Amino acid sequence: MSDTRLLSTDELLRGIVDEVTEIRIREHSVMQKIAELDRRGAAAELGYKDLPHVLRHAVRWDRKTARKWVTHAALLSREITPTGSVLAPALPVVAEAAAEGALSVEHVGVVAEVMKALPAEAEEPVVGFAREHEPSAVRAFGKELAYRLFQNDPEPRDAEPAPPVNQHVMRWKNGYLEIWAKLDTITGAKYEALLDPLAKPRPTTADEGPDLRSRAEREGDALADLVDLMLRADQLPEHGGEPVTLTLTMRYDDLADQVGQAMLDNRERVPADQVRQLACNAGIIPMVMGAKSQPLNVGRKSRTFTAGMRRALVARDHGCAFPGCGRPPKHCDAHHIHHWADGGDTSVGNGVLLCRHHHRLIHHSGWTVTMVQGIPVFYPPR
């Protein structure tokens, strides 16, 4: 075996391509053998419940992997009828490309998935695309091809499908609430639109450096911010209670005629009737200055800042007031500089806007904030 350190970059890359092609050819050979085991009923012969159980034991695959290989083998195999005639594979073009080593097992699964929504003659262009692209791109290509093929078809006369069911599961474990959710397209897009701006990394500052949180941690903190936003909704009518703003791209004529589909920011498509429904629910709130004023100081009778106070804090701080932060106002809490529990009043003069992270920092570190001539000034730990 040659020393890879002596090979040029071109030779290394070509070697990888050649060896991956060989691996895929061997994968195809494995799938043919799996299909033959399935055809002859090997699971029953060996005393197993089904073929994935056989492979799980023999090859030490987990059950999910074994099921995937058995499913893909069935798509590519040739079956023998009782009369001895040969039936063509379910996906003949895929089978040919897989035998050449042009497609991986993952490619085979994705092509089979997209072909469920396409006519048989679409297999050749889909496989042609798959020869040049990764599986995720093939899935997107198939989705777009299905839309282009069927967008002008008449509306189906089938019964209306059951509406998607949203699911949400909560479980407390070791002091943490574990959450699992499955949301329909519209709700999922709204959720993404709510979470994305809250999950952005914090700006790098001289005092704190870069944001070292992982994406999962940032999105977890964003969900916590979202909970706080909802808890303040009744006190912040200018931010709470209105629908999430989504961008829906659609031709005007299609919308007027109630045909076709619109595309959301996440590239999911929405039927025209749902677009019109969303348009009726869009939140457009005019801001009228000079309306009836609200008290900016409610003293000790109230622990929480009123909407009027918050507007004054927004006008002064323009968002999180911590040096170098810049989080927008709707992502901020109103913090008591002299804590309410220690006798501080609820007023603009005793308040400052802080994002969730810096609010927590002020409460649990040596950082302090004081008012100097009506402006909040921050002091780091000694």
Side-chain angles (χ1 to χ4, degrees), residues 19-147 149-150 161-162 164-165 167 180 182 185 268:
E19 289 182 28
V20 168
T21 301
E22 289 178 17
I23 289 170
R24 290 173 175 173
I25 291 172
R26 289 184 175 275
E27 285 178 342
H28 182 258
S29 175
V30 169
M31 285 192 283
Q32 286 183 311
K33 292 178 173 65
I34 290 173
E36 175 59 20
L37 284 174
D38 198 21
R39 186 196 65 78
R40 65 174 62 178
E45 178 185 336
L46 298 171
Y48 285 84
K49 177 183 176 182
D50 54 27
L51 191 54
H53 275 87
V54 176
L55 298 174
R56 182 181 177 187
H57 187 188
V59 194
R60 297 183 300 282
W61 280 334
D62 60 45
R63 181 155 177 78
K64 182 178 180 181
T65 302
R67 281 201 306 265
K68 178 182 74 174
W69 278 79
V70 171
T71 300
H72 295 171
L75 292 169
L76 302 182
S77 65
R78 291 180 178 270
E79 300 177 0
I80 308 299
T81 66
T83 60
S85 59
V86 179
L87 290 176
L91 297 169
V93 184
V94 177
E96 182 181 346
E100 297 171 12
L103 301 184
S104 66
V105 176
E106 289 73 21
H107 279 101
V108 170
V110 170
V111 174
E113 176 189 328
V114 302
M115 284 303 299
K116 291 177 183 177
L118 293 168
E121 55 267 25
E123 185 185 359
E124 192 163 340
V126 171
V127 171
F129 187 87
R131 285 175 177 271
E132 304 293 334
H133 298 84
E134 68 276 11
S136 59
V138 177
R139 183 179 286 108
F141 175 79
K143 205 171 184 181
E144 183 66 22
L145 185 58
Y147 172 71
L149 287 175
F150 302 123
V165 177
Q167 300 178 50
W180 178 92
K182 185 177 182 180
T185 302
E268 292 291 338

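If you're wondering where the values come from, they're calculated on a predicted model, not measured in any experiment. Keep in mind that the numbers below use all heavy atoms, side chains included, and drop hydrogens, waters and symmetry copies. Index from 1, following the sequence.
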- Query: Side chains of H57 and Y48: closer than 4.5 Å at any heavy-atom pair?
  - Reply: yes
- Item | From CG (L91) to NE2 (H72), nearest 0.5 Å | 10.5 Å
- Measure the CD-OG1 distance between E100 and T21 for me, rounded to the nearest 0.5 Å. 10.0 Å
- List the steps and the verdict of salt bridge (charged side-chain N to carboxylate O under 4.0 Å, His left out) for R40 and E45. CA-CA 9 Å; R40 65 174 62 178; E45 178 185 336; 5.9 Å; no
- Query: Quick one: CD on E27 to NE2 on H107, what's the gap to the nearest 0.5 Å?
  - Reply: 11.0 Å
- Query: Can you check whether E134 reaches E106 side chain to side chain, under 4.5 Å on heavy atoms?
  - Reply: no
- L37 side chain near V54 side chain, heavy-atom distance below 4.5 Å: no
- Task: Measure across A66 and P52 and return the closest heavy-atom pair with its distance rounded to 0.1 Å.
- Result: CB-O, 3.5 Å
- Item | Closest non-hydrogen atom pair between A117 and A146, with its separation | O-CB, 4.2 Å
- Query: What distance do L103 atom CG and R131 atom CZ have between them, rounded to the nearest 0.5 Å?
  - Reply: 6.5 Å
- Calculate, to the nearest 0.5 Å, the distance between atoms CZ and OG1 belonging to R60 and T65 respectively. 13.5 Å
- Message: Checking the side chain of H28 only, and the main-chain atoms of A98 only, is there a donor and an acceptor separated by less than 3.5 Å?
- Response: no
- Message: Counting only heavy atoms not in E132 (residues, nucleotides, ligands), do more than 12 fall under 6.0 Å from its CD?
- Response: no
- Walk me through it: do E36 and K33 pass the test salt bridge (charged side-chain N to carboxylate O under 4.0 Å, His left out)? CA-CA 5 Å; E36 175 59 20; K33 292 178 173 65; over 6 Å; no
- Query: Would a 4.5 Å heavy-atom cut-off, applied to side chains only, mark R63 and H53 as touching?
  - Reply: yes
- If every non-hydrogen atom of A122 is compared with every non-hydrogen atom of L145, which pair is closest and at what distance? CB-CD2, 4.2 Å
- Task: Could you grab the distance from atom NZ of K68 to atom CE of M31, nearest 0.5 Å is fine?
- Result: 10.0 Å
- Message: Restricting to non-hydrogen atoms, name the atom on A97 and the atom on V127 that form the minimum distance, rounded to 0.1 Å.
- Response: CB-CG1, 3.8 Å
- Task: Could you pull out the closest heavy-atom pair between V110 and P135, with the gap in Å?
- Result: CG1-O, 3.5 Å
- Quick one: salt bridge (charged side-chain N to carboxylate O under 4.0 Å, His left out) partners of E96, sequence neighbours excluded? none
- Message: Could you go through V126 and V114, starting from their C-alpha distance and side-chain angles, then the distance that decides it, and tell me whether this counts as side-chain contact (heavy atoms from CB on, under 4.5 Å)?
- Response: CA-CA 9 Å; V126 171; V114 302; 3.9 Å; yes
- Message: So which atom in V94 and which in E123 form the shortest heavy-atom distance, rounded to 0.1 Å?
- Response: N-OE2, 2.9 Å
